[in-house]
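Small disclaimer: the values here were computed from a predicted structure and weren't measured. Chain letters run A, B, ... following the sequence lines, proteins first, then strands; residues in each count from 1.
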Amino acid sequence: MHELAVTEEVIKTVTEVSGGKRVKTIELVIGDLSSFIDESIQFYFELLTKSTPLEGATIIFKRVPVKLRCYNCQKEFNPDETYLCPYCRSIGGDIIEGREFYIKSIEVEDEDRDS
Amino acid sequence: MKIEIVKNILDANDQVATLNREFFDNLKVFTINIMSSPGAGKTSLILETIFRLDSLAAVIEGDVASSIDSEKMAEFNIPVVQINTGGNCHLDAPMIREAIKKLSISNVRYLFIENIGNLICPASFDLGEHMKIAISSVPEGDDKPYKYPGLFSKVNAVILNKIDLLPYVSFDLERFKNGITAMNKDAKIFLLSCKTKEGIDTWVEWLKSENPYK
């Protein structure tokens, strides 16, 4: 349920940036190690944006799979639960992707089209 | 019209965490965030650790409800502040900021933050601590690092508690360790039992040696 707090943060930032314009899309980038669940963010978002310029906006979730740089051969790979490097068969690596959790962009309705 | 933002969603939390860290640094309080599932032994380990430290330690207790853990600390005259999150699954930096106002911290050298019993949510929230510790216990099984990589990949050390139960439980120690080091090769791993006290001294000596203000 920690998605409630983070969804409030998303709404706050998007509201500031959009300056009262109707928001069409919000692009969130979420790494698989970050422990945030798309459906839960979506649920709170709909609940919290009723009767606001954000109501009905589509959240585009861009999931980032974990990517490691092999400790041994330094090649990059997306691990499965064995963490075996597919190139040299040794275990594990430094995390280079998978912790992302940010708002990448939003799309707002153009003012001239609205009026 | 598309607007690029690229803003970390946890920015607000992280800014307060930075303030907390400055506060701890100014007062030279070594602050340790302890995370585990419910029942792994956070409270027991904090107590056993404090008994072996030679300087004053305080505790911030995080729980969804109750003051059972903080009463335990108070029995031993350990300065303690209880945070009840009322259902929230993790502590965050603003909660710690409030808690330290209630703690008389001037002579304290070690501050232990006992996070909510949960292996998922606490991993995402920086509190301003100097060190993150995960506790796992033998009855939980050797698969925990594989199931909760977000947490185990982020900690400075992992403590395996209740090792006195190893003879009675199927637990593959190598599998457990590999699951940690696969994405966190620098993590220290300590095996101990708060019941038999085996291994606790080794952990405490290491913790003392990591204190940046000693």
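Close approach to chain A, defined as a heavy atom under 4.5 Å from one of its heavy atoms, is seen in B:P149, B:G150, B:S153, B:K154 of residues 149-174 of chain B, taken by number. At a heavy-atom separation below 4.5 angstrom, chain B is approached by A:V66, A:L68 within residues 52-68 of chain A. Contacts with chain B (heavy atom to heavy atom, under 4.5 Å) involve these residues of residues 85-96 of chain A, listed by number: A:I91, A:G92, A:G93, A:D94, A:I95. For residues 6-17 of chain B, the interface with chain A (any heavy-atom pair closer than 4.5 Å) comprises B:V6, B:K7, B:N8, B:I9, B:L10, B:A12, sorted by residue number.
Formation of a donor-acceptor pair under 3.5 Å by the B:S124 side chain with backbone atoms of A:S34 is found in this model.
Of the atoms belonging to A:L84, not a single heavy atom falls under 4.5 Å from chain B. For a residue to count as touching a neighbouring chain, one of its non-hydrogen atoms must lie under 4.5 Å from one of that chain's; by this rule A:Y102 touches chain B with backbone and side chain alike. Looking at B:Y148, there are no atoms closer than 4.5 Å to chain A (heavy atoms on both sides), in backbone or side chain. Using a 4.5 Å cut-off between heavy atoms, A:E27 touches chain B through its side chain atoms alone.
How far OG of A:S18 is from CD1 of B:I3: 7.0 Å, rounded to the nearest 0.5 Å. To the nearest 0.5 angstrom, A:K104 atom NZ is 5.0 Å from B:K2 atom NZ. With rounding to the nearest 0.5 angstrom, the CD1 atom of A:I106 is 4.5 Å from the CD1 atom of B:I5.
By the neighbour-count criterion of 12 heavy atoms within 6.0 Å, atom NZ of B:K208 is densely surrounded, having more than that number from other residues, nucleotides or ligands. The number of heavy-atom neighbours closer than 6.0 Å to CD of A:E81, taken from other residues, nucleotides and ligands shown, is 12 or below. Within 6.0 Å of NZ on B:K195 lie no more than 12 heavy atoms contributed by other residues, nucleotides or ligands.
Between A:K21 and B:M1, the closest side-chain pair of non-hydrogen atoms falls below 4.5 Å. Counting heavy atoms from C-beta on, the side chains of B:Y146 and A:T82 never come closer than 4.5 Å.
In terms of heavy atoms, A:Y71 sits closest to B:A182 at OH-O, 3.4 Å.
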Could you walk me through whether A:Y83 and B:T181 pass the side-chain contact (heavy atoms from CB on, under 4.5 Å) test, one step at a time? CA-CA 10 Å; A:Y83 297 105; B:T181 53; over 6 Å; no
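Interface summary for chain A: among B:E4, B:R175, B:M183, the most heavy-atom pairs under 4.5 angstrom belong to B:M183. Highest contact tally toward chain B, considering only A:V17, A:V10, A:V14, is held by A:V17 [criterion: heavy-atom pairs under 4.5 Å].
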